[in-house]
Amino acid sequence: MNLVLLFETDFTAADTAVLRGRRFEHLRRILRAGLGDRVKAGLLNGRIGAGEVTGLTDESIQLRLELTAPPPAALPLTLVCALPRPHTLKKVIQAAVAFGAKRIYFIAARKVEKSYWSSPALTEPALREQIFLGLEQGGDTVMPEIGFRRAFKVFAEDELPGIVNGTRGLTAHPAAADVCPSRVSEPVTLCVGPEGGFTDYEVELLAQHGCRPVHLGKRPLRTEFAVCALLGRLF
Ligand code: SAM
């Protein structure tokens, strides 16, 4: 946790918040915050700054807050990722949000298991939990938008062109002929495939609608590592 993410409901006065549960435990046991210590904090969808520990009990910690700085700039990225297995979905959300992604689509693809769509990991509370962990990791407060699209062809043909417009469109694919660009200066739309990879048809359709296939080397990486490697390289 590199930033204590605060919610309106935490506030007991305009400049004071009291935290219990996971955030309390983390501040006390991992960060070893004690009276007078200052920690980085930020209000969800709001400003960031410092919180001074002004009160402690066995189950709560009180912070006096000065939240004066804007949150960090968003990453100029739209991530389009074939829906991974639930455990991987959590890691992808946390990583992409920590990098600063603010628009993420999880889409269908031929090799996406149908059962993944009914996972509890896709419920609003479960998604928010992973988003909050990503924001805390990246020192950010701004919620990303996450969308789910269960029809690959409809998404690729009807929605993707509008998303790619004004961005550099890329499809990460280990068998691509071209290497992934690095240190790009424009916004990027990045498509990442499922565990078994995109099919040739899918790669072709994504390319037709603006997302050129690129690779990161011939070794296929796990989705969550590929996302990190791609974002690190691109930005
Ligand atoms: N066997 C699959 C294949 O060869 O495409 C591996 C899929 S990998 C677990 C999931 C996704 O991560 C891929 O579809 C691709 O989008 C991305 N990825 C993983 N390794 C990559 C690499 N070396 N180059 C480009 N993309 C990669």
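Between Leu63 and Thr54 the shortest side-chain heavy-atom distance does not fall below 4.5 Å. The side-chain heavy atoms of His26 and Leu31, taken from C-beta on, include a pair separated by under 4.5 Å. Residues Leu231 and Leu190 have side chains in contact (heavy-atom distance under 4.5 Å, counting atoms from C-beta outward). The shortest distance between side-chain heavy atoms of His215 and Val179 falls below 4.5 Å. No side-chain heavy atom of Val112 sits under 4.5 Å from any side-chain heavy atom of Phe152. At a threshold of 4.5 Å between non-hydrogen side-chain atoms, the residues Ile104 and Val92 do not count as touching. In this structure, Ile163 and Tyr105 have side chains that are in contact, with non-hydrogen atoms separated by less than 4.5 Å. Looking at Val227 and Phe99, their side chains never come closer than 4.5 Å, going by heavy atoms from C-beta outward.
Within the 3.5 Å criterion, the main-chain N or O of Gly46 finds a donor-acceptor partner in the side chain of Thr141. The backbone N or O of Glu52 lies less than 3.5 Å from no partner atom in the side chain of Arg38, so there is not a single donor-acceptor pair. Distance alone, capped at 3.5 Å, is enough to place a donor-acceptor pair between the Arg233 side chain and the Cys180 backbone. Remark: the backbone N or O of Ser115 is paired with a side-chain donor or acceptor of Ser118 at under 3.5 angstrom. Distance alone, capped at 3.5 Å, places no donor-acceptor pair between the Lys90 side chain and the Ala121 backbone.
Within 6.0 Å of CD on Glu25 lie more than 12 heavy atoms contributed by other residues, nucleotides or ligands. Summarising the local packing, CZ of Arg29 is surrounded by more than 12 heavy atoms from other residues, nucleotides or ligands at distances under 6.0 Å. Taking a 6.0 Å sphere around CD of Glu186, one finds it holds more than 12 heavy atoms contributed by other residues, nucleotides or ligands.
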Please walk me through it: do Thr16 and Phe11 pass side-chain contact (heavy atoms from CB on, under 4.5 Å)? CA-CA 6 Å; Thr16 307; Phe11 282 75; over 6 Å; no

Checking Val164 against His209 for the side-chain contact (heavy atoms from CB on, under 4.5 Å) test, could you report, in this order, the C-alpha distance in whole Å, the side-chain angles of both residues, the deciding distance, and whether it holds? CA-CA 8 Å; Val164 175; His209 293 94; over 6 Å; no

For the pair Leu205 and Lys153, evaluate side-chain contact (heavy atoms from CB on, under 4.5 Å) and give the outcome as yes or no after the intermediate values. CA-CA 8 Å; Leu205 199 65; Lys153 191 163 182 283; 4.2 Å; yes

Run the numbers on Leu56 and Ile61 for side-chain contact (heavy atoms from CB on, under 4.5 Å), then give the verdict. CA-CA 5 Å; Leu56 274 176; Ile61 187 164; 3.6 Å; yes

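Put simply, the residue from Ile146, Leu44, Thr123 that forms a side chain to side chain contact (heavy atoms under 4.5 Å, CB included) with Arg128 is Leu44. Paired with Glu195 under the rule salt bridge (charged side-chain N to carboxylate O under 4.0 Å, His left out), one option of Lys111, Arg85, Arg110 passes, and it is Arg85.
A continuous path of ILVMFWY side-chain contacts below 4.5 Å connects Val97 to Leu79, so both sit in one hydrophobic cluster. By the rule that hydrophobic residues join a cluster once side-chain heavy atoms approach within less than 4.5 Å of another member, Leu206 and Leu230 end up as members of separate clusters. Residue Val203 is not grouped with residue Leu216 when hydrophobic side chains (ILVMFWY) are merged at heavy-atom distances under 4.5 angstrom, including chains of intermediate members. Residues Leu133 and Leu6 are members of separate hydrophobic clusters, defined by side-chain heavy-atom contacts under 4.5 angstrom among Ile, Leu, Val, Met, Phe, Trp and Tyr. Ile107 and Leu122 are members of different hydrophobic clusters when ILVMFWY side chains are connected at heavy-atom separations under 4.5 Å.
Across every non-hydrogen atom of Ala33 and Val39, the tightest pair is CB-CG1, 4.3 Å. Contact record, Phe106 with Trp117: O-CH2, 3.9 Å, taken as the closest heavy-atom pair. Annotation for Gly197 and Glu202: closest pair O-OE1, 4.5 Å, computed over non-hydrogen atoms. Residues Leu234 and Pro181 approach most closely at CD2-O, 3.5 Å, considering heavy atoms. The shortest non-hydrogen separation linking Leu35 to Gly55 is CD2-N, 3.6 Å. The nearest pair of heavy atoms linking Val18 to Ser60 is CG1-CB, 3.9 Å.
Between the CD atom in Glu66 and the CD1 atom in Ile48 there is a gap of 13.5 Å [rounded to 0.5 Å]. Annotation: the span from Cys211 atom SG to Phe198 atom CZ amounts to 9.0 Å, rounded to 0.5 Å. One distance of note links CG of Asp140 with CG of Asn45; it measures 9.5 Å at 0.5 Å rounding. Going from atom CG of Leu3 over to atom CG of Leu43 covers 10.0 Å, rounded to the nearest 0.5 Å. Here the straight-line distance linking atom CG of Asn2 with atom CG of Leu5 works out to 12.5 Å at 0.5 Å rounding. Summarising the geometry, atom CG belonging to Leu127 is positioned 5.0 Å from atom CD1 belonging to Ile93; distances are rounded to the nearest 0.5 Å.
Aromatic rings from Phe7 and Phe132 are positioned such that their centres are separated by under 6.0 Å.
Under a 4.0 Å N-O distance rule, the pair Arg22/Glu136 qualifies as a salt bridge.
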